[in-house]
A.B. asks: 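The structure that follows is given in the form of structure tokens.
One is the number of the first residue; the rest follow in order along the sequence. This is a predicted model, so every value here is computed, not measured.
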Amino acid sequence: MPHLTIQGETQLNGKVAISGAKNSALPLICAALLTDKVLSLHNFPMLTDTTKLLEILSELGAKATIIADKSGRTGSPQQLEIEFKDIISPLAVHEAVNQMRASILVLGPLLAREGQATITLPGGDAIGARPIDLHLKGLQQMGAQVEIIDGKVISTAPKGGLTGAHIKFPFISVGASEHLMLTAALAKGETILENVALEPEITDLAHLLQKMGVPIEGIGTSTLQIQGKNGVPLTSASHHIIADRIEAASFVIAAIATKGNVTLTHAHPDIIKGFLDILTKNGANIAIDGHQITVSGAPENFNPITIDTAPYPGFATDIQAQLMALLCLVDGKSQINELIFENRFMHATEYQKMGAKIDIQGAKATIHGGAKLHGTDIAASDIRACFGLVIAALAAQGETILRHIYHLDRGYENFEQKFKGLGAVMKRHT
Ligand code: UD1
């Protein structure tokens with residue numbers, strides 16, 4: 001399995017172009033199931049997660065073309081054109097389905113368009129149980145019959161198709177919000193979704209659906225009213241995917257942890273304002289200029305902090321592992337309470353191998369920071385943990401061997417090129 005060797009005590013300096021958001025691209029790709037016309041997605045990130053989803057859709061009949069521009073930019077220079085003239089199969093059982101949680105987003109749109117859909121139960125990162133009950137309950141409220149048999153979700157729409165419904169989520173789920181938005185777009189009549197997630201990727205999806213002809217009210221709030229098109233395929237559309245806020249936040253933390261000075265280009269600072277404010281308040285220097293964010297700082301000038309992860313606009317669980325890497329280097333006692341996923345501290349063990357002092361008690365991690373980290377042989381448990389381990393490796397003394405780097409390939413476009421462009425010394429061994 002490929003691994004990376006990373007040289008420690010390296011400062012990151014220079015410019016890095018932020019890519020299109022992975023977590024936007026995945027639901028946006030699924031919107032292609034709702035139309036028989038071409039959907040164009042600009043700022044499209046080439047990642048194993050996005051290309052695997054395209055493979056899954058190709059088996060269902062999608063024609064996908066990637067059009068590269070010649071700018072040489074490392075952050076999403078390409079455009080995706082995808083067209084689903086005819087759906088050739090209602091069975092989404094490609095092996096990639098159970099490698100990626102977001103593949104569940106195929107189910108509702110396929111069901112709404114075809115009247116039936118079967119999908120292998122989706123997999124994904126090892127960060128908790130990650131049930132799909134809210135997704136399935138929402139489809140049932142729209143009239144679908146749903147059964148789980150032999151590791152597959154089998155769903156059927158009633159005669160006359162799915163009907164709009166009033167769905168109130170008992171708690172916030174990004175994926176269930178997106179899934180039912182997509183499905184509601186082709187249902188008959190109005191769907192009201194209450195307690196919808198507020199993540200910027202939800203707003204991005206709502207904007208695309210509007211461009212495809214679906215009237216939606218309440219965008220940016222926790223209640224959405226969606227007027228479904230009653231099975232009539234949506235129109236074609238062209239859309240620019242928002243910048244990846246998690247990638248941007250990851251590089252911001254990396255700059256501070258390595259005592260560097262990094263300018264992020266093609267970013268959307270407004271969607272990570274809360275995060276940037278926390279860092280500024282605690283010792284980072286951050287300047288914003290349009291789509292650029294320039295950050296400098298050092299662990300010795302940073303305060304220990306206590307953070308709870310929360311749905312947007314709270315502190316993202318997807319930045320928790322990277323922040324932990326920084327807090328290992330910051331003098332004093334910090335605390336992270338992981339309140340979204342029940343099993344998302346697996347990276348702590350790897351930081352401990354590097355010399356960090358961290359106590360885990362259930363959902364609470366106490367970081368006794370300021371210890372010198374040293375390079376060693378470590379492995380990543382999920383996409384974000386993998387970036388966190390790169391940060392720790394760059395700050396540590398000596399060389400680190402980082403394993404399970406397929407996680408980086410899943411979620412960070414051109415990450416080696418981007419890190420090397422900032423002065424990192426790393427080598428991929430295959
Ligand atoms: C999305 C993001 C992921 C991020 C997460 C939380 C994508 C592709 N992934 O994941 O990067 O970490 O939001 O911000 O956008 N839950 C249930 N039942 C359900 C659905 C969810 O119990 O039917 C639980 C989950 O186990 C979790 C919590 O709800 O504890 C939030 O999960 P959710 O917001 O759905 O995360 P994802 O959409 O899977």
Side-chain angles (χ1 to χ4, degrees), residues 18 20-35 37 39-45 80 102 104-105 108-109 112 134-135 138-139 141-142 162-230 232-246 248 267-275 291 310-314 316 318:
I18 298 304
K22 170 182 86 74
N23 287 355
S24 252
L26 296 171
L28 296 181
I29 292 172
C30 293
L33 280 156
L34 305 172
T35 174
K37 310 278 181 333
L39 179 65
S40 301
L41 297 176
H42 299 259
N43 203 31
F44 180 77
L80 167 71
I104 187 69
L105 301 179
L134 300 192
H135 298 248
L139 296 181
Q141 281 183 260
M142 290 184 184
L162 299 177
T163 325
H166 189 148
I167 297 166
K168 186 169 180 181
F169 296 109
F171 54 87
I172 289 175
S173 161
V174 175
S177 301
E178 293 165 343
H179 193 181
L180 296 174
M181 287 164 72
L182 286 161
T183 311
L186 274 196
K188 184 165 53 185
E190 179 176 82
T191 293
I192 298 177
L193 299 177
E194 271 190 72
N195 204 21
V196 167
L198 296 175
E199 267 68 2
E201 294 75 23
I202 302 272
T203 301
D204 208 25
L205 174 61
H207 286 150
L208 173 67
L209 292 175
Q210 275 190 323
K211 285 182 194 170
M212 295 172 80
V214 182
I216 304 181
E217 276 178 45
I219 296 176
T221 75
S222 57
T223 302
L224 294 178
Q225 283 165 267
I226 302 168
Q227 307 303 328
K229 302 299 275 187
N230 196 8
V232 178
L234 306 186
T235 57
S236 70
S238 174
H239 186 74
H240 188 97
I241 301 174
I242 56 167
D244 196 312
R245 64 193 166 94
I246 306 299
H268 283 170
D270 49 322
I271 59 175
I272 49 168
K273 189 178 177 307
F275 164 79
H291 286 292
Y312 193 85
D318 283 355

A.B. asks: Would you please name every residue forming a side chain to side chain donor-acceptor pair (under 3.5 Å) with His166, sequence neighbours left out?
C.D. replies: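 For His166, the residues satisfying side chain to side chain donor-acceptor pair (under 3.5 Å) (neighbours in sequence not counted) are Glu194.
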A.B. asks: Not counting sequence neighbours, which residues clear side chain to side chain donor-acceptor pair (under 3.5 Å) with His291? List them please.
C.D. replies: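 Side chain to side chain donor-acceptor pair (under 3.5 Å) check on His291 returns nothing, list empty.
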A.B. asks: Give, for atom CE of Met181 and atom CD1 of Ile167, the distance between the pair rounded to the nearest 0.5 Å.
C.D. replies: 12.5 Å
A.B. asks: Mind checking what makes side chain to side chain contact (heavy atoms under 4.5 Å, CB included) contact with Ala187, not counting sequence neighbours?
C.D. replies: Leu162
A.B. asks: As an exercise, state the distance from CE of Met142 to CG of Leu180, rounded to the nearest 0.5 Å.
C.D. replies: 5.0 Å
A.B. asks: Does anything in residues 197-207 pair up under side chain to side chain donor-acceptor pair (under 3.5 Å), and if so which pairs, sequence neighbours excluded?
C.D. replies: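 Passing the test, one end in residues 197-207: Ser24-Asp204, Glu201-Arg245, Asp204-His239.
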A.B. asks: Got a sec, which residues hit side chain to side chain donor-acceptor pair (under 3.5 Å) with Gln210, two or more places apart in sequence or on another chain?
C.D. replies: none
A.B. asks: Looking at every non-hydrogen atom in both residues, tell me the closest pair between Leu198 and Gly220 and how far apart they are.
C.D. replies: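 For Leu198 versus Gly220, the nearest heavy atoms are CD2-O, 3.7 Å.
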A.B. asks: Below 4.5 Å, heavy atoms only, C-beta onward: do Ile241 and Pro45 meet side chain to side chain?
C.D. replies: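 The answer is yes, as the side chains (C-beta and beyond) meet within the 4.5 Å cut-off.
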A.B. asks: Let me confirm one number: the CG-CG distance from Leu234 to Leu34, rounded to the nearest 0.5 Å.
C.D. replies: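 If we round to the nearest 0.5 Å, Leu234:CG and Leu34:CG are 5.0 Å apart.
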A.B. asks: Looking at Asn195 and Lys168, would you say the former's side chain and the latter's main chain have a donor-acceptor pair under 3.5 Å?
C.D. replies: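 Looks like no, no N/O pair under 3.5 Å.
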A.B. asks: Does anything in residues 217-230 pair up under side chain to side chain donor-acceptor pair (under 3.5 Å), and if so which pairs, sequence neighbours excluded?
C.D. replies: Glu190-Gln227
A.B. asks: Taking Thr191 for the side chain and Ala184 for the main chain, is one N or O donor matched with an acceptor at less than 3.5 Å?
C.D. replies: no
A.B. asks: Quick one: are Phe44 and Ile29 in side-chain contact, heavy atoms under 4.5 Å?
C.D. replies: yes
A.B. asks: Begin from the C-alpha positions of Tyr312 and Val174 and carry the test side-chain contact (heavy atoms from CB on, under 4.5 Å) through to its verdict.
C.D. replies: CA-CA 10 Å; Tyr312 193 85; Val174 175; over 6 Å; no
A.B. asks: Sequence neighbours excluded, which residues qualify as side chain to side chain contact (heavy atoms under 4.5 Å, CB included) partners of Thr235?
C.D. replies: Met212
A.B. asks: Are His179 and Leu139 close enough, and set up right, to give a side-chain contact (heavy atoms from CB on, under 4.5 Å), and what steps lead you there?
C.D. replies: CA-CA 9 Å; His179 193 181; Leu139 296 181; 4.2 Å; yes
A.B. asks: Which residues pass the side chain to side chain contact (heavy atoms under 4.5 Å, CB included) test with Ala176, not counting sequence neighbours?
C.D. replies: Leu134, His135, Phe169, Ser173
A.B. asks: Roughly how far, to the nearest 0.5 Å, is the CG atom of Leu209 from the CD1 atom of Ile216?
C.D. replies: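 Here the interatomic distance stands at 4.5 Å.
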A.B. asks: Side chain to side chain contact (heavy atoms under 4.5 Å, CB included) with Lys37: which residues, sequence neighbours excluded?
C.D. replies: Thr35, Ser236
A.B. asks: Please report the interatomic distance CG(Asp244) to CG(Asn23), rounded to the nearest 0.5 Å.
C.D. replies: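 Answer for the CG-CG pair, Asp244 versus Asn23, is 7.0 Å.
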